[in-house]
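Let me begin by presenting the structure, written as structure tokens, before commenting on it.
So you know, we letter chains A, B, ... as the sequences are listed, proteins then strands, and number each from 1.
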Amino acid sequence: LSVPSEIPREDGRPKWDNKFQYILSCIGFAVGLGNVWRFPYLCQIHGGGAFLIPYFIALLFEGIPLLHLELALGQCLRKGSIGAWNTISPYLGGVGLGSWMVSVLVSLYYNTVLTWVMWYFINSFQEPLPWSVCPLNENRTGLNEECYESTAVNYFWYRKTLNITPDVTESGTLQWWLILCLATCWAIVYLCTIRGIETTGKAIYVTAIFPYLVLTVFLIHGLTLPGATDGLAYLFTPNLNILKNPRVWLDAATQIFFSLSLAFGGLIAFSSYNPSKNDCEKDAVTVAIVNSVTSLYASIPVFSVLGFKATTGYWDCLDRNIISIINEFDLPEESIMRQNYTAWITFLNSSYPEKIAGLKLKSCNLQEFLDQSVSGTGLAFIVFTQAIILMPGSQAWAILFFIMLFCLGLSSMFGNIEGVFTPLLELQIVSKSMPKELLSGIICLICFLIALCFTLGSGSYWIGIFDSYAGSLPLLVIAFFEVIGVVYVYKIKRFSKEVKQMTGRKPNLYWQITWRFISPLLLLIVFMAFVALQIQKPSSYAAWNPKYEGFPMKQEKVYPPWVLAICVLLAVLPCVFVPLVALFHLIKGMRRSEDTSLVPPEVFSCQGANS
Amino acid sequence: YAWDANEEYLFKAMVAFAMRRYSSKSRTQISNVLLCNVTDRVSFWFVVTDSSKNVTTVPGSEVEAAIRMNRNRINSAFLLSDKTLQFLKITSTLSPPVEPSTPVWLIVFGVVLCLIVAGIVFLVVAGIQQRKK
């Protein structure tokens, strides 16, 4: 069965046009929305520059080794996730099935986030921007009440976009504008993945490179905005005491893990289209470093803009106070400026304390404005859109920003869809005569129909559920079994030999130690800490309820039992495949124990795996 | 610009103008508008007297209505806006936001969708043709 490696194999498997396309696809998959809206938030709440220490340690001992493992696996076995794990050992087939399941679940809700981005994008062509003004109420006497009590930006997001219900159990109706945008997004995904990597390889040039251009433009513009330096100083000021908090280390480990999109099966699918004589070690290090550098690079414009927004809010607060003081004391215009405000206030407070108290001035504190940290959709759709209104030429900035978000999310969707598509192509479920276009069309159509539930009034609560439960815990479990499977079932010595065949050099001590001990141990610790934290407090969510007394603050609600059951199901379903498949094969093996045709997994090698 | 006696004169003229426009029978002269308590902040009280009725003041509600009707003319005479020229107790009426006949986003959405459908059709047809060869 051994084939000399110099003869190129004509196996009809599609391949990348060039190496750059492959690297770009991996980078595009890894660099996603989380780099823009999760990493800066984590930096901010975990002591600024000090967060980089646990982040880089996690990158070194968890991110890069796992990445190298997945890329080498796909390249060696030249199969998607299900086929690859079945080849390594039939008992480990559940790992591939689990990661396929996770890719399906994540594809469903990730594209809905892109739907929201698209909705904001097509609304950015209006002048003035629709989230900058509150609409009037029915009898035109004043502003719409819900909008007036919160802000116009909040109103546009929660009412005009999501039309959110006050509770996760109230489903509300299907929002037709979201359905249109969802159909468009899935049509775009279909257009780009219609022939697998042939088409995504071309599309990735745009979707992977364009965000960097926009980030650079935002960087330059952001640094020129007033207050940008305050935001940046706030972000990067290291607070080394924070390292004593184990929560910081846990967040760093999980951030690295999810940021690199490990255990989805998409990376295995991408590298399976590579020629086998490819230096996967260098690729892994490149992708991981580019991903981390992008996170850092993206946090600079994000925090410049946030600093600008905080400064503007602070100045508005000051100006309002100044106007009331000037009106009250009949002082000449421009006698109190922002610079001498504090001096004036102390003087007036000492001479006329009752008058000052009667004015009910709000205390303006820049630190308080800067402390309002948000991550996730709140950052993009509420905070950033508010900042964009304050910039001159806001439509152009809004359009650029949302195209960038769309490209970031789309390139990650390619990886997810590839993780679903490639194993299906190899499984003998679909006949060879079925054209690829039809298969990808069917996948996209089914996903679109299922994702319609996310366009309900309660859709965003469900996306939060999917994100917290389906897109987090199963990945840790699957990655743990990936490492254990390769190192202890497939045997690390064989794997190192095959990597040597592919890259030309044996994996050095760093890889050996991290693959054998450090990464599995780290994954186990992260998993247990994760579960422990989840169990500690009852799962709750923040609901937008206009009838709540504390409105516009969000109402903390607890999930009802049936929703909790779904959460547990989402988290457990992909993981349960691992023991189930192993058990299945064990029983099958025991039944056929008289017929001793059980082939030990040591039969094949890297070259001969392609049968 | 600095606030001096000329600006006060203009203000009196504008108020008189507003009163004349509001009720066509009004014969308000500039001398009918009286300013008092002018401060450095540039804030003052003013009243409008009615010369035909024995030096009584015009009721405040009429003055308010007159000014509300001509607010934008008064604002533009002083190159100010509703925020910078404030009449206490006269709130500005809100103008409804401009609503185009077709929402703009539908147009953009239509353009985007057409492009995508064209792309899909092109790729599918190209694939079918290639398979036929």
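Put simply, the side chain of Phe454(A) does not reach to within 4.5 Å of the side chain of Thr115(A), judged on heavy atoms. In this structure, Trp131(A) and Lys160(A) have side chains that are not in contact, with every pair of non-hydrogen atoms separated by 4.5 Å or more. Asp17(A) is listed as a side-chain neighbour of Lys202(A), based on a closest heavy-atom distance under 4.5 Å. Between Asn111(A) and Cys447(A) there is no side-chain heavy-atom pair separated by less than 4.5 Å. The shortest side-chain heavy-atom distance between Phe381(A) and Tyr120(A) falls under the 4.5 Å cut-off.
Counting heavy-atom pairs closer than 4.5 Å to chain A, the top residue among Leu123(B), Val124(B), Leu113(B), Ile128(B) is Leu123(B).
Salt bridge absent: Glu198(A) and Lys15(A) never bring a charged side-chain N and a carboxylate O closer than 4.0 Å.
With a threshold of 4.5 angstrom between heavy atoms, Thr199(A) approaches chain B through side-chain atoms but not through N, CA, C or O. Of the atoms belonging to Leu438(A), not a single heavy atom falls under 4.5 Å from chain B.
Between the side chains of Thr151(A) and Asn154(A), at least one donor N or O lies within less than 3.5 Å of an accepting N or O.
In this structure, Ser76(B) OG and Arg71(B) CZ are separated by 11.5 Å, a value rounded to the nearest 0.5 Å. In this structure, the separation between CG on Leu405(A) and CG on Leu114(A) is 9.0 Å, given to the nearest 0.5 Å.
Contacts from residues 181-197 of chain A to chain B, taken as heavy-atom pairs separated by less than 4.5 Å, involve Cys181(A), Thr184(A), Ala187(A), Ile188(A), Tyr190(A), Leu191(A), Ile194(A), Arg195(A) in sequence order. When the heavy atoms of residues 396-404 of chain A are compared with those of chain B, none of the residues falls under 4.5 Å.
Here the options are Thr161(A), Asn163(A), Thr455(A), the test is side chain to side chain donor-acceptor pair (under 3.5 Å), and the partner is Gln175(A); only Asn163(A) passes.
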>> Could you walk me through whether Arg131(B) and Glu437(A) satisfy the salt bridge (charged side-chain N to carboxylate O under 4.0 Å, His left out) test, starting with their C-alpha distance in whole Å, then the side-chain angles of each, then the deciding distance to 0.1 Å, before giving a yes or no?
In response: CA-CA 12 Å; Arg131(B) 206 154 292 124; Glu437(A) 287 93 335; 3.4 Å; yes
